[in-house]
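Below: the structure, in structure tokens.
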Amino acid sequence: MSYSKPLDGKAGLLMSVDYPMEPFRIKMIEPIQSTTREQRVKLIANAYYNVFNLKAEEILVDLLTDSGTGAMSQEQWSALMLGDESYAGARSYYRLLESVKELTGFELVLPAHQGRGAEKVFFAVMAQPGQYVLGNGHFDTTTGHIDARGSIPVNFIPKTTLDPTFEAPFKGNMDIDAADAFIKEKGKDACALILLTITNNTLGGQPVSMDNIRQTRELADKYGLPFYFDAARMTENAFFIHDRDSEYSSKSIREILLEQMSYADGFIMSAKKDGLSNIGGLITTRDEEIFQPLKEYLILNEGYITYGGLAGRDLDVIAQGLREATDVDYLRYRTGQVAYLGSKMEESGIPMLKPFGGHAVYVDAKTMLPHIDVEEFPAHTFAVELYIEGGVRAVEIGTLLAGRDPKTGKNRIAPLELVRLAIPRRMYTQTHLDHVANSAAKLVDRASSMKGMQITYESEHLRHFTVRLRYK
Ligand code: F0G
């Protein structure tokens with residue numbers, strides 16, 4: 001692999017303050033209700049300073065997640081009308097199958113209601129209690145399902161990746177040597193599989209290189225382990241390979257996607273991301289022997305194998321969305337939009353995680369608010385202040401999210417205190433992003449006077465969803 005672009009410069013890898021225009025125009029609109037700063041001060045207090053408690057109508061620009069929040073195309077809305085709601089054997093399923101096969105090469109395909117539904121079924125079949133599931137940064141629901149199965153999630157993250165300022169084109173890569181040493185030490189039978197998440201959401205929406213994918217295949221073969229993808233953002237990953245690896249710059253996204261997927265034994269996917277759908281998930285494999293128990297477990301948990309907990313119309317929307325997500329103009333605009341927001345925020349003096357990811361930008365709150373102790377959640381303070389300032393909803397990815405160690409009852413101190421601003425697909429314009437960046441810029445001057453937060457109520461599991469806080 002050779003890297004084709006300079007890594008220096010304020011604007012990050014894409015150096016793209018002017019990203020390509022939206023390769024679409026707007027046909028239907030959803031009004032945004034305005035609020036004043038004074039109203040938002042009250043609204044967030046009434047929400048116990050938890051952004052999950054805010055109502056959608058209380059938000060001006062919602063960057064909580066890129067999952068299921070994007071806008072559908074006219075072709076997707078049309079496909080929806082073709083939905084076949086037959087319980088078994090629906091045409092919609094076969095159209096989905098065709099799309100997945102065409103784009104990824106996998107022929108054994110099961111739908112699920114969303115990514116975590118796919119995870120539940122997948123790990124029940126693929127991982128035994130006590131076995132390790134190796135990865136490059138499992139997403140939190142993935143970790144949750146591995147835990148729930150009684151298996152053990154373990155990640156091999158290069159040390160440099162944990163430095164938010166370290167710039168590398170493929171910062172989502174797995175540390176192959178560390179994974180190899182681990183398998184050697186624990187023994188092959190102690191390991192269930194390798195799951196590579198593309199792009200790496202946990203570490204900032206960072207892509208995984210084709211080399212790293214190939215090496216993961218070699219590692220899996222060396223020990224006879226299955227290798228699967230968590231492919232939620234597989235086309236964004238393919239785009240980064242196209243954009244950042246000169247060996248792939250003349251290949252189409254579809255060619256790269258096919259090659260990328262060819263190295264794995266299958267994938268699980270939340271179709272709410274690169275499926276450009278509001279709901280849905282997928283499980284694929286090449287292995288007929290595994291497909292059988294997957295089908296059985298799917299029927300028990302999600303629904304019959306040709307609908308997997310979705311309506312027929314959802315299957316058609318995903319079939320169409322997967323194809324649209326491979327459009328290089330769309331991908332250039334999308335990743336450009338993310339980099340645009342990141343560069344604007346960085347220009348106003350906000351420390352950002354670099355390089356900018358595929359679906360989100362992340363504020364390095366530990367650097368921005370060094371006077372706030374990590375156990376007073378500096379990234380959460382930033383998210384609350386950003387809401388008050390501009391009605392923008394972002395989310396803390398740090399010690400608040402990490403929860404408590406069940407044994408000691410102490411906070412698990414996260415390696416980074418981040419605020420994630422995830423951009424829904426095809427939803428917001430540059431003016432919306434300017435509003436976000438301008439609101440964030442206003443926080444810079446008063447950062448030193450911001451206070452930390454204190455928890456007043458928390459649940460045992462996934463506390464960030466229901467936590468109540470107040471200013472310290
Ligand atoms: N895997 C990855 C890499 C994800 O980012 C997500 C969801 C899932 C699995 C689970 O999929 O939500 O359809 O059940 N990520 C969302 C986010 C929630 O905001 O990053 P799901």
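Just follow the structure's listing: the first ligand is 1, and inside any ligand the first atom is 1. We number each residue from 1, following the sequence as shown.
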Quick one: which ligand 1 atoms are inside 4.0 Å of a heavy atom on Lys272? 13 (O)

Just to confirm my output: which protein heavy-atom neighbour is closest to atom 9 (C) of ligand 1, and how far is it? Glu119 OE2, 3.3 Å

For Pro169 and Pro207 the tightest heavy-atom approach is O-CG, 3.4 Å

Centroid-centroid distance, Phe170 to Phe240, less than 6.0 Å: no

Suppose we measure from atom 10 (C) of ligand 1 to each protein heavy atom; which comes out shortest, and what is that distance? Thr141 OG1, 3.4 Å

Using ring centroids (six-membered ring only for Trp), state whether Tyr48 and Tyr457 fall under 6.0 Å. no

Does the ring centre of Phe24 sit less than 6.0 Å away from the ring centre of Tyr333? yes

Can you list the atoms of ligand 1 that are under 4.0 Å from a heavy atom of Thr197? 3 (C)

At under 4.0 Å between heavy atoms, which part of His145 makes contact with ligand 1: side chain, backbone, both or neither? neither

Asp66 versus ligand 1: do any nitrogen or oxygen atoms come within less than 3.5 Å of each other? no

Looking only at heavy atoms of Arg233, does any of them come nearer than 4.0 Å to an atom of ligand 1? yes

Nearest-contact summary for atom 8 (C) of ligand 1 - protein heavy atom, Å: Phe139 CD2, 3.4 Å

Examine Lys273 against ligand 1 and note whether any of their N/O atoms are separated by less than 3.5 Å. yes

Which protein non-hydrogen atom lies closest to atom 13 (O) of ligand 1, naming both residue and atom, and how far is it? Ser270 OG, 2.7 Å

Just need the protein heavy atom nearest to atom 2 (C) of ligand 1, so name the residue and atom and give the distance. Asp230 OD2, 3.4 Å

Provide the number and element of each atom of ligand 1 under 4.0 Å from a heavy atom of Arg116. 11 (O), 12 (O), 14 (O), 21 (P)

Between Gly358 and Thr335, which heavy-atom pair has the shortest distance, and what is it? O-CG2, 4.3 Å

Does any non-hydrogen side-chain atom of Glu119 lie less than 4.5 Å from one of Asp230? yes

So for atom CD, which belongs to Glu85, do other residues, nucleotides or ligands contribute more than 12 heavy atoms lying within a distance under 6.0 Å? yes

Non-hydrogen atoms of His359 versus ligand 1: any pair closer than 4.0 Å? no

Validate the cation-pi geometry between Lys354 and Phe356: distance from NZ or CZ to the six-membered ring centre under 6.0 Å, angle to the ring axis within 45°. yes

Can you tell me which residue and heavy atom of the protein come closest to atom 21 (P) of ligand 1, and the distance to 0.1 Å? Gln114 NE2, 3.3 Å

Are Asp316 and Ser92 linked by a side-chain donor-acceptor pair shorter than 3.5 Å? yes

